[in-house]
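A short worksheet on the structure shown next.
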2 protein chains.
Amino acid sequence: MSHNSEQEDHDLPVEGNSVSFSKTRREHSTEIMEDYVEAIADLIFESGEARVVELSRRIGVTHVTVTRTIDRLEKAGYVICPPYRAIFLTEKGNALARSCKERHQIVVAFLHSLGISEQTANLDAEGIEHHVSTETLQAFKHHLALLHKVTL
Amino acid sequence: MSHNSEQEDHDLPVEGNSVSFSKTRREHSTEIMEDYVEAIADLIFESGEARVVELSRRIGVTHVTVTRTIDRLEKAGYVICPPYRAIFLTEKGNALARSCKERHQIVVAFLHSLGISEQTANLDAEGIEHHVSTETLQAFKHHLALLHKVTL
DNA sequence: TCCTTAATGTAGCCTATGCTACATTCTGCA
DNA sequence: TGCAGAATGTAGCATAGGCTACATTAAGGA
């Protein structure tokens with residue numbers, strides 16, 4: 001008795017075999033990646049190089065967590081991180097950093113334009129920026145452009 | 001030799017002892033919780049009760065994942081879920097659902113008011129709503145109120 | 001009433017993200 | 001040059017959130 005054979009259907013999420021952790025999950029992973037890449041770009045810009053210690057201070061996690069995330073970033077092709085050396089962005093990583101930074105700035109400027117304080121705008125932008133679609137980003141830009149015209 | 005004793009500092013994240021998984025992580029957990037509570041409230045409203053299967057269909061994960069998340073929600077005091085029965089919201093859960101729903105609607109309306117399509121507004125709102133501070137939400141409301149006045 | 005089937009529960013595995021504790025390598029200064 | 005201390009690496013643990021496979025319970029129709 002018991003289970004006769006296949007339950008023919010089991011459940012629904014069938015898409016990929018193993019690569020199927022749903023939208024939210026995948027997006028969360030992406031968020032973290034983006035935050036790291038952005039922070040790395042900032043560090044390189046500010047101090048010439050990105051070190052694990054500095055990253056961990058900036059992001060607020062231990063150096064161990066940073067190291068492992070960097071490993072994943074390296075596997076994904078965003079960074080190169082030779083043992084005991086600094087972290088370097090690949091071209092792919094640089095491109096991602098640039099687009100993240102641009103998006104971040106637009107979101108902050110947009111929030112700010114609504115009368116939201118500098119501080120809150122920055123804090124909220126960090127959470128919001130990862131969930132803004134191209135269409136919404138365009139709308140933000142459009143809104144900013146309008147404001148700019150009016151101000152002229 | 002080797003490690004003399006305590007490395008006096010180890011690393012930085014010292015706040016709580018164990019309860020210290022950083023901001024991003026904690027917020028992500030909250031997001032999932034909120035999504036579930038909202039979905040449960042919707043299901044109860046629409047069909048009289050929230051069942052695990054329906055939730056899993058709605059959220060897009062297997063019933064196993066739903067079950068475990070519900071366990072956590074139960075431990076956190078948001079729901080009650082007797083074995084083989086439906087899922088019930090506690091007063092705390094109901095309150096959370098209400099405030100999430102309100103916030104969600106404001107974000108959607110706001111995005112829509114910027115000329116963003118219904119569909120994108122809804123999709124983006126799902127990601128954005130969890131990262132909107134009280135101040136920003138107020139600004140959104142304010143913006144909507146202004147528009148409403150102009151339209152009159 | 002029984003028995004099939006849908007819903008629910010449980011066991012066990014995986015990855016991502018955190019952590020502490022400890023080991024190793026680099027680096028700068030005495 | 002050598003060595004102390006900082007930076008980096010590694011081992012091992014925890015939790016959240018995914019999954020498949022299988023077991024158990026509930027519910028409805030023959």
Side-chain angles (χ1 to χ4, degrees), chain A residues 1-36 49-57 59-76 81-87, chain B residues 1-36 49-57 59-76 81-87:
Chain A
M1 281 81 261
S2 63
H3 65 302
N4 24 359
S5 62
E6 298 277 326
Q7 251 154 297
E8 76 253 11
D9 210 345
H10 297 308
D11 260 320
L12 35 126
V14 196
E15 28 177 318
N17 250 357
S18 37
V19 202
S20 73
F21 46 115
S22 84
K23 200 189 155 214
T24 312
R25 185 101 190 105
R26 192 164 41 241
E27 278 178 0
H28 184 238
S29 206
T30 304
E31 282 173 49
I32 303 247
M33 299 279 219
E34 289 180 351
D35 284 341
Y36 273 75
E49 63 174 13
R51 307 298 308 212
V52 171
V53 203
E54 257 320 299
L55 254 189
S56 76
R57 276 196 260 271
I59 298 180
V61 297
T62 62
H63 82 274
V64 187
T65 301
V66 170
T67 301
R68 254 211 335 257
T69 305
I70 295 296
D71 282 346
R72 281 191 284 271
L73 281 174
E74 190 159 28
K75 284 200 188 79
C81 187
Y84 295 101
R85 300 282 314 283
I87 304 154
Chain B
M1 280 86 262
S2 61
H3 64 302
N4 23 0
S5 62
E6 299 277 327
Q7 249 154 297
E8 76 254 10
D9 210 348
H10 297 309
D11 261 320
L12 34 127
V14 196
E15 25 178 319
N17 249 357
S18 37
V19 202
S20 74
F21 47 113
S22 84
K23 200 190 155 214
T24 312
R25 185 103 190 105
R26 191 165 41 242
E27 279 179 0
H28 183 239
S29 206
T30 304
E31 282 172 49
I32 303 249
M33 300 279 220
E34 289 181 350
D35 284 341
Y36 273 75
E49 64 174 12
R51 306 297 310 212
V52 171
V53 204
E54 257 321 298
L55 254 188
S56 76
R57 276 197 260 271
I59 298 179
V61 297
T62 63
H63 81 275
V64 186
T65 302
V66 169
T67 300
R68 256 214 331 262
T69 305
I70 294 297
D71 282 346
R72 282 192 283 271
L73 281 174
E74 191 159 28
K75 285 202 188 78
C81 187
Y84 295 100
R85 299 283 314 283
I87 304 155

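As a basis for the values below, the full set of heavy atoms in this structure was taken, side chains included, without hydrogen atoms, waters or symmetry mates. A note on names: the letters A, B, ... follow the listed sequences, proteins ahead of strands, and every chain is numbered from 1.
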Practice item. Can you see which heavy atom on B/Arg51 is nearest to which on B/Ile87, and at what distance? Key: C-CD1, 4.3 Å
Study note, to complete from the structure: Taking every heavy atom of B/Tyr36 against every heavy atom of B/Thr69, the minimum-distance pair comes out as OH-OG1, 3.5 Å
Exercise for review: With sequence neighbours excluded, tell me which residues meet side-chain hydrogen bond (donor to acceptor under 3.5 Å, both in side chains) with A/Glu54.
Suggested key: A/Arg57
Revision key, fill the gap. Whole-Å distance, B/His28 NE2 to C/dT15 P, equals 18 Å
Point to revise | Residue mapping more 5' on DNA chain D - nearest nucleotide basis, A/Glu54 or B/Thr65 | key: A/Glu54
Check your understanding: Can you tell me how far CD1 of A/Ile70 sits from OG1 of A/Thr65, rounded to the nearest 0.5 angstrom?
Key -> 11.5 Å
Review point. Could you give the CG-to-C1' distance, from A/Leu55 to D/dA7, as a whole number of Å?
Key: 13 Å
Practice item. With sequence neighbours excluded, tell me which residues meet side chain to side chain contact (heavy atoms under 4.5 Å, CB included) with B/Pro82. Key: B/Ile80, B/Arg85, B/Phe88
Exercise for review: Would you check if B/Thr67 and B/Val52 make a side-chain contact, meaning some heavy-atom pair closer than 4.5 Å?
Suggested key: yes
Give me, pair by pair, the N or O atoms of the protein and of nucleotides 9-12 of chain D that are less than 3.5 Å apart, along with how far apart they are.
residue: D/dG9; atom: OP1; partner: A/Tyr84; partner atom: N; Å: 3.2
residue: D/dG9; atom: N7; partner: A/His63; partner atom: NE2; Å: 3.0
residue: D/dG9; atom: O6; partner: A/His63; partner atom: NE2; Å: 3.2

Exercise for review: Calculate the interatomic distance between B/Arg72 atom CZ and D/dG17 atom P; express it in whole Å.
Suggested key: 4 Å
Check your understanding: Can you find a side chain N or O atom of B/Ser29 that sits less than 4.0 Å from OP1 or OP2 on D/dG17?
Key -> yes
Exercise for review: State which residues pass salt bridge (charged side-chain N to carboxylate O under 4.0 Å, His left out) with A/Glu74; sequence neighbours excluded, sorted by chain then number.
Suggested key: none
Practice item. Please state how far atom CD in A/Glu31 lies from atom P in C/dG18, giving the value in whole angstrom units. Key: 11 Å
Revision key, fill the gap. From CG of B/Asp35 across to C1' of D/dA16 the rounded distance in Å is 14 Å
Review point. B/Tyr36 OH to D/dG18 P: how many Å, rounded?
Key: 6 Å
Practice item. Select from A/Arg51 and B/Ala86 the residue whose nearest nucleotide in DNA chain C is closer to the 5' end of that strand. Key: B/Ala86
Revision key, fill the gap. Rounded to whole Å, CD1 of A/Ile32 lies from P of D/dA16 at a distance of 16 Å
Practice item. Ignoring backbone atoms, establish whether B/Thr62 has a side-chain N or O less than 4.0 Å from OP1 or OP2 of D/dC19. Key: yes
Check your understanding: For the pair made of CD1 in B/Ile70 and P in C/dA7, what is the distance, rounded to whole Å?
Key -> 16 Å
